[in-house]
Amino acid sequence: MKEMPKIDKADEMSETKIAASKVQVYYGTTHAIKDVDINIQPRSVTAFIGPSGCGKSTFLRTINRMNDTIDICRVEGEILIDGEDIYDPKVDPVQLRAKVGMVFQKPNPFPKSIYDNVAYGPRIHGLAKNKSELDEIVASSLQKAGLWEEAKDRLDEPGTGMSGGQQQRLCIARAIAVNPEVILMDEPCSALDPIATAKVEELIDELRENFTIVIVTHSMQQAARVSQRTAFFHLGILVEEGPTQDIFTNPQDKRTQDYITGRFG
Amino acid sequence: MPVVWLILIVLAIAVVGYVLGRGRALAGAASEHVKLHSLPSYYGSNVAMKVAVPAFLIMVVWLLAQPIIVNNSVSGLIPETAIAEGSSRGLVLAEVRRAASGLDNAVAAGIMDEDFARNARADFNDITTRLRDAGQIVTSQITQPILRAAQEYRILNSTGRLLMTIAVLLAALAGAAWGILESKPNFRARNTVEQGVKALLIAAASIAILTTVGIVFSLVFNTIEFFRLYPALDFFFGLTWSPTFSGRGGNSELGIIPLLWGTFYISFVALIVAVPIGLFAAVYLSEYAGPKVRAVAKPLLEILAGIPTIVYGLFALLTVGPLLVSIFGPDGVGIMQAGTAVMTAGLVMGIMLIPFVSSLSDDIINAVPQAMRDGSYGLGATKSETVKQVILPAALPGIVGAILLAASRAIGETMIVVLGAGAAARLSLNPFDAMTTVTAKIVSQLTGDADFSSPVALVAFALGMTLFIVTLGLNVVALYIVRKYREQYD
């Protein structure tokens, strides 16, 4: 299914989950993101790469309006999810974040039990009518996150007591539990060792079946391993975006080529 | 020589030593063509340190020890017969010191010469008259033994002073010589000064700790004295507090229970007021308020902590008390007799504690990592859901610590109670009754007319000791909780 000719593939692109056009982000007077246009496909992994400070994390955080929590941050332009403008005044950012989940750079389980960590989202959104439904959600989320075998006997223990890799998968389970459509991941493996990283990458690949995933990463190998499409950011500008293989083997822009060959960044 | 002059001289030697030491090190480096191990100022500081520290140490120890030694040896000169009936050796010694300072002043004023003042055969009647004429305070007729003792006291004191001056100056000069001789280019002056700084810091820390120990001891001895005069069981379990100041407090009932009850009741009311308001204020300031509001509101709130408690007491007496009486008094609900009540003091004390709770809680809430908030917002939680379910649970141990610190502050509070709660020691459940606390009673026991050897006055120390132990316990628990909490995120 991936071996379609390029022309046909471009036509397929019309199916988009997230469509951003002319997005500008300002931090106070700093213009952090300039004129970003990008279409993100459903049920695929899109990787954002680029040197530090290029704005890839900032752009990621505009997709679920996490930037709203920063006072001096201002977003302009249009971001559509399923054709709906998420910056429309009618949209409740709290509801939006239930639909667009997020996993952060450093594993950040709440200082609660493993069970309560996963049940947190379903509880505040009223997704379970009773205890057994909640148990069901927790179990299936942990299973999807590949953590069930390790966690099922210690659901009452604090989530902060797990290893770093387990904590990050717990955070992914926590995000899955509210049944989002999109999952944003901000350098999810940068605090993990190689084995834990491999597990999380495997998990990302499995999650692609059900979720639209956008991942920010510093590791080009990781982008190459897990993503179907890659976007390269530089100095707040989206330089180039396309199928991952093309970006890494045949970049169109000189800056992309320099970055992936390690000449800067 | 007055002590001030001695201090100035030692300091002068230190300054000269600094210049000489620095110069010698520089000169040595220049003549031997080597680099100095340390910066030149370190060589100077090393000399100054060696001049000042031993000299001042000797001086302080000497000044503390000399009066004790002189008193002891003079005390031996006073025969038992010179101590009048009903008097004590201590009182006679005080008389001796007064006579001696009278002689000192007379000599200084030029009425007597030094030889006359020291003259062992001097007639005591003559000296008394002369001192009287000179306007010196001499309470009773100076007797022969007292005069002899006073003369001896003066001689011992001035000899001691002279010896001290010599010792201090010798120490300073020896230190200077030692330091200057050391000031060669390869001497590690920097490391020596580092040691000196460390010693200085240790000294400062130990003074703070030793003072606490000293306070405890001053309480302990008087407390033991009290329990010798009054049974401990009656004190700790007595339900009545009625000291009688007449007859050396023989018929007093000194039960601590009513006072502890008042203390805890008022503190409880205060915490009921302070904890929710302080906590909500802290949540608002750290989670909701913008930077501008925060910059204005936080200092304003902390001004409350800077108001003297006597002003809060006035507020209780003049505003809150009458206000409560107008609602709950005889014209209203009818359960409050007068403005002074547990409720009055508790409310005002609660207001006083708000900045305590809010300021500490604010710091603790801010210490909760941003990642926790992001995690919760990222799952679609609102601010208040995040505060309630993530931030407060994460900050809870620290908040409990803050509340316990506020509680120990409430238990130790005095002025608001004196003005707001009345002075009646009473066991009652009605919060609109007047009651009193341990601290307020300590004040009234010690400012009364009772003499210091009666249980009515000494009970103040037992009360103080009890209070000290209670608040110490609370502080230890609070610090333990706060520390345990800190380990979570480090």
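By convention in this document, chain letters (A, B, ...) are assigned in the order of the sequence lines, proteins followed by strands, and residues within each chain are numbered from 1.
Summarising the local packing, NZ of Lys298(B) is surrounded by more than 12 heavy atoms from other residues, nucleotides or ligands at distances under 6.0 Å. Around the NZ atom of Lys131(A), the shell of radius 6.0 Å holds more than 12 heavy atoms that belong to other residues, nucleotides or ligands. Environment of CD in Glu194(B): sparse, with no more than 12 heavy atoms of neighbouring residues, nucleotides or ligands closer than 6.0 Å. Within a 6.0 Å sphere centred on CZ of Arg294(B), heavy atoms belonging to other residues, nucleotides or ligands number more than 12. Around the NZ atom of Lys152(A), the shell of radius 6.0 Å holds more than 12 heavy atoms that belong to other residues, nucleotides or ligands. Summarising the local packing, CZ of Phe268(B) is surrounded by 12 or fewer heavy atoms from other residues, nucleotides or ligands at distances under 6.0 Å. The number of heavy-atom neighbours closer than 6.0 Å to CD of Glu136(A), taken from other residues, nucleotides and ligands shown, is 12 or below. Within 6.0 Å of atom CD in Glu133(A), more than 12 heavy atoms from other residues, nucleotides or ligands are found, so the atom counts as buried in its surroundings.
Residues Met372(B) and Pro111(A) have side chains in contact (heavy-atom distance under 4.5 Å, counting atoms from C-beta outward). With a 4.5 Å cut-off on side-chain heavy atoms, Lys112(A) and Gln389(B) count as touching.
Here the CD atom belonging to Gln370(B) is positioned 9.0 Å from the CZ atom belonging to Phe104(A), to the nearest 0.5 angstrom. Leu379(B) contributes atom CG, which lies 5.5 Å from atom CZ of Phe110(A) (distance to the nearest 0.5 angstrom). Between the CG atom in Asp92(A) and the OG1 atom in Thr382(B) there is a gap of 9.5 Å [rounded to 0.5 Å].
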#### Entry: From CA spacing to verdict: side-chain contact (heavy atoms from CB on, under 4.5 Å), Tyr120(A), Val390(B)
CA-CA 10 Å; Tyr120(A) 183 84; Val390(B) 176; 3.4 Å; yes
### Task
Decide side-chain contact (heavy atoms from CB on, under 4.5 Å) for Asp374(B) and Arg61(A); before the verdict, give the C-alpha distance in whole Å, the side-chain angles of both, and the deciding distance to 0.1 Å.
CA-CA 11 Å; Asp374(B) 285 348; Arg61(A) 291 164 68 96; 4.2 Å; yes
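Panel note: side chain Asn108(A), backbone Ala371(B); a donor-acceptor pair is recorded below 3.5 Å. In this structure a side-chain-to-backbone donor-acceptor pair under 3.5 Å is missing from His125(A) to Ala381(B).
There is no contact between Arg123(A) and chain B, counting heavy-atom distances below 4.5 Å. With a 4.5 angstrom heavy-atom cutoff, Pro109(A) touches chain B only via backbone atoms. Heavy atoms closer than 4.5 Å to chain B are found nowhere in Val103(A), neither backbone nor side chain.
Across all non-hydrogen atoms, the minimal contact from Pro291(B) to Asp71(A) is CD-OD2, 3.7 Å.
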